[in-house]
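What follows is a single structure, and I will ask about it in a moment.
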Amino acid sequence: MMMETEEISKMVDTVYKNILDKFNPAARQLISAGKVYLKALHGAAAASRMYVEALSKLARHSQQQGSWGGCSDIR
């Protein structure tokens, strides 16, 4: 028994619609997760830069103190 072209077309449309209905939410979720990950990565990079700057400042300050053994505020 052969299906008519219109029936086949409707079945194909239904299959594609079901695939898209299930795929689109997952794709949106993946994109959203990617954006959150990228934002977190930028935050981690900024924190890392600040940490390295603080260590550098501490090292410069300790070099300035030299062998005097004194103590002062780090700003």
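The figures that follow rest on heavy atoms only: side chains count, while hydrogens, waters and symmetry mates do not. On a predicted model such as this, the values are computed, not experimentally measured, just so you know.
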Nearest-0.5 Å distance that lies between atom OG in Ser56 and atom NE2 in His61 | 14.5 Å
Interatomic spacing from CG in Leu55 to OH in Tyr51 - rounded to 0.5 Å | 4.5 Å
Sorted by chain and residue number, the salt bridge (Lys or Arg N to Asp or Glu O under 4.0 Å) partners of Lys17 (sequence neighbours excluded) come out as Asp21
Apart from Leu20 itself, what residues make up its hydrophobic cluster, given side-chain heavy atom links below 4.5 Å?
-> none
Drop me the distance from Asn24's CG to Gln29's CD, to the nearest 0.5 angstrom.
-> 12.5 Å
Val15-Phe23 co-clustered via ILVMFWY side chain contacts under 4.5 Å = no
CG of Asp13 to CD1 of Ile8: how many Å apart, nearest 0.5 Å?
-> 12.0 Å
Would you call Glu6 and Lys10 a salt bridge, taking side-chain N to carboxylate O under 4.0 Å as the test?
-> yes
